[in-house]
Amino acid sequence: MTAPFNFSAGPAMLPAEVMQQAQEEFRSWRNSGISVMEVSHRDPAFMQMAAQAEQDLRELMAIPANYQVLFMHGGGRGQFSAVPQNIAGPDDTVDYLNSGIWSDFAVREAGKYVARVNVVGGTEQTSRGKAIQSPASWKLSENPAYFHYCPNETVDGIALHQIPEGISAPLVADLSSNILSEPLDVSRFGIIYAGAQKNIGPSGFAIAIVRDDLLGRPQGNTSTIMDYSVQARERSMYNTPNTFAWYLSGLVFEWLKRKGGVEAMGAINREKAALLYDYIDSSDYYSNPVHPDFRSRMNVPFLLADDRQDGEFLQQAAKSGLVGLKGHRFVGGMRASIYNAMPLDGVKALLDFMKDFEKSNG
Ligand code: PMP
C-alpha cells in the first residue's frame, strides 16, 4: 500500500525520510543496542545529540546569541500560561491581538495570571473576505508587560504576514503552526514559542525562544518546570525532558538543513499555497473565506458550495489517498494543512482530486 498524503493540522505528517531513519534506529540508537527512549538524558551521547539539535535550530532560524532556546513541556497551550507566568505580574496589563481561535484561548489563559488582558483588536469582515483589523486601529494599552499575537491561526487559516511595527513592549508570538516555514527576523521578538506537532515533531513538546533580558522575572508562584530562567540554567533538563520528542525534532532539523533551510521551505510553501488558493478562487464550487492578504500558507480552509457533500468529499478523498482534510470542529468545511513535510506532489494530488470532484458534483 502506498502511503497516503496526510493533510492533518496536527499532529501532522512528518518528513518520510525522518520517519524512515527513526524506524531504522528505533531499537538500537547509534548502534548501542538500546533505543534512544531508553537512554538517560544525562548520558553524554544524548547530551551531545540534544545540544546539536539546539545548534541546528539556532542555525536554521538564525537565532541571535542573546536568546535562549528552551525545549519545554506541554505543547502550545503550556506556553499560553508560561508566558504570563514568566514575564508579567498579577498587577500588570498585557496586550493581545485576537485574530482567531488560538489567540482567543491564549487571551483566556493569560487572564488567570494578570490584572488585565487588553484585546487590542481582532478580525473584521470586508468585501474581499475576513481580514485582521489594521494596526492603526489597534487599541494598545499604556504600559503593557508584553504584546502577544499568533501570526498563523491554524483553525481559521488567517495569517498576519508582517511583524507588527512600533510596539514598544516585548513582542511575543505563537508560531505553533508556522515556525520554520519561512525566514523570520527573530531579533524583533521578545519570545517566540511553538508547540512541536506541526513543523517540528511529536506533540506535547514545545520550543520557546526567549530573549535574555526577559529571564529572571517570574512571579513567586511560577510553576518551576515552566520557569524559563530555571530551564535556561538547566539546559531544559530541570526535570526529565521528553527525550524521544527532542531526538525526533533533531532529526527534523537535520532534514531541514539538508533541504536548504527556511529559505527553500519558504519558496516551496508559497508555491504550494498559491496552487491551492488560485484554484479555489477560480472555481465556483469551492471557496475560501479569508481576504487574500491574510491567507495562511500553512492551513488552507475551504468550503464546498453544498455542505451536504462534505461527507462524500472526505470519503472519496480518503479512497484517493488524501486524508486529514476535515475542517476543525469549530468551523466545519475542509482544511488542507500543508506544512514543511507536505511535498508539492501531495498538493498536486489534492488539486487533481478537487477538480475531479467538482466535475462530478459541481
Ligand atoms: N497555538 C496554535 C496556533 C495551535 O495551532 C495550537 C494547536 N493546534 C495550539 C496553540 C495549542 O497547542 P497544543 O495542543 O500543543 O497545546
Side-chain angles (χ1 to χ4, degrees), residues 6-14 70-85 96-112 117 119 122-123 130 132 146-161 163-164 171-182 184 189 191-209 223 225-226 241-242 244-246 248-249 252 269 273 290 294-301 324-342:
N6 175 9
F7 293 89
S8 165
M13 78 175 283
L14 289 165
L70 308 176
F71 294 81
M72 304 287 289
H73 303 274
R77 283 191 194 243
Q79 296 305 303
F80 291 175
S81 67
V83 167
Q85 285 187 68
Y96 276 67
L97 177 69
N98 189 345
S99 54
I101 282 169
W102 290 108
S103 298
D104 198 55
F105 279 124
V107 165
R108 281 188 258 164
E109 188 67 16
K112 292 176 161 182
V117 182
V119 174
T123 55
K130 198 169 174 182
I132 296 176
Y146 60 86
F147 176 101
H148 179 284
Y149 80 114
C150 178
N152 188 77
E153 281 284 356
T154 323
V155 172
D156 312 78
I158 197 163
L160 189 60
H161 293 296
I163 303 173
L171 268 185
V172 179
D174 172 4
L175 261 67
S176 293
S177 50
N178 65 330
I179 193 166
L180 291 163
S181 66
E182 61 184 351
L184 179 81
F189 296 88
I191 297 173
I192 284 169
Y193 67 84
Q197 66 271 29
K198 301 162 198 302
N199 260 338
I200 298 180
S203 58
F205 195 54
I207 304 287
I209 301 167
S223 150
I225 64 163
M226 287 296 176
N242 183 337
F244 188 72
W246 199 323
L248 207 71
S249 304
V252 171
N269 286 332
V290 181
F294 296 93
R295 285 176 173 174
S296 164
R297 293 194 273 267
M298 295 280 99
N299 311 96
V300 180
L325 286 163
K326 194 171 180 356
H328 192 277
R329 62 189 194 282
F330 290 176
V331 292
M334 306 298 152
R335 172 177 48 169
S337 294
I338 48 174
Y339 303 118
N340 288 342
M342 175 59 67

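Computed over heavy atoms, backbone and side chain alike; hydrogens, waters and symmetry mates excluded. Sequential numbering from 1 along the given sequence is applied to the chain's residues. Just so you know, these numbers come straight off a predicted model, no measurement behind them. Just follow the structure's listing: the first ligand is 1, and inside any ligand the first atom is 1.
Atoms of ligand 1 found under 4.0 Å from any heavy atom of C150, numbered from 1 in the order shown, are 3 (C). Here is the list of ligand 1 atoms found below 4.0 Å of a heavy atom in S176: 1 (N), 2 (C), 3 (C), 4 (C), 10 (C). Taking every non-hydrogen atom of F80 and a distance limit under 4.0 Å, the qualifying atoms of ligand 1 come out as 1 (N), 10 (C).
Atom CD1 of I338 is separated from atom OG of S296 by 7.5 Å, given to the nearest 0.5 angstrom. Atom CG of residue L248 and atom CD1 of residue I200 lie 11.0 Å apart, to the nearest 0.5 angstrom. From I158, atom CD1 reaches atom OG of S99 across 6.5 Å, with rounding to the nearest 0.5 Å.
In terms of polar-atom proximity, Q197 is counted as a contact of ligand 1, with an N or O under 3.5 Å from an N or O of the ligand.
The residue F105 has no part lying near ligand 1, judged by heavy-atom distances below 4.0 Å.
With hydrogens and angles left out, the side-chain atoms of E153 and S103 include a donor and acceptor closer than 3.5 Å. Using modelled atom types, one finds a donor on one side chain and an acceptor on the other under 3.5 Å when comparing Y339 with N299.
Atom 5 (O) of ligand 1 has T154 OG1, 2.5 Å as its closest protein atom, hydrogens excluded (heavy atom only). Scanning all protein heavy atoms for the shortest distance to atom 8 (N) of ligand 1 gives K198 NZ, 2.9 Å. Nearest non-hydrogen protein atom to atom 16 (O) of ligand 1 is R77 N, 2.8 Å. The single protein non-hydrogen atom nearest to atom 1 (N) of ligand 1 is D174 OD2, 2.6 Å, given as residue, atom name and distance. Here the heavy atom of the protein found nearest to atom 11 (C) of ligand 1 is W102 CZ3, 3.5 Å. Scanning all protein heavy atoms for the shortest distance to atom 13 (P) of ligand 1 gives G76 N, 3.5 Å.
The closest approach between a heavy atom of G195 and any atom of ligand 1 is not below 4.0 Å.
Y146 has its ring centre less than 6.0 Å from the ring centre of Y96.
Using the six-membered ring where Trp is involved, F80 and H148 have ring planes that are perpendicular, over 60° apart on the 30 and 60° scheme.
The backbone N or O of S181 lies less than 3.5 Å from a partner atom in the side chain of N269, making a donor-acceptor pair.
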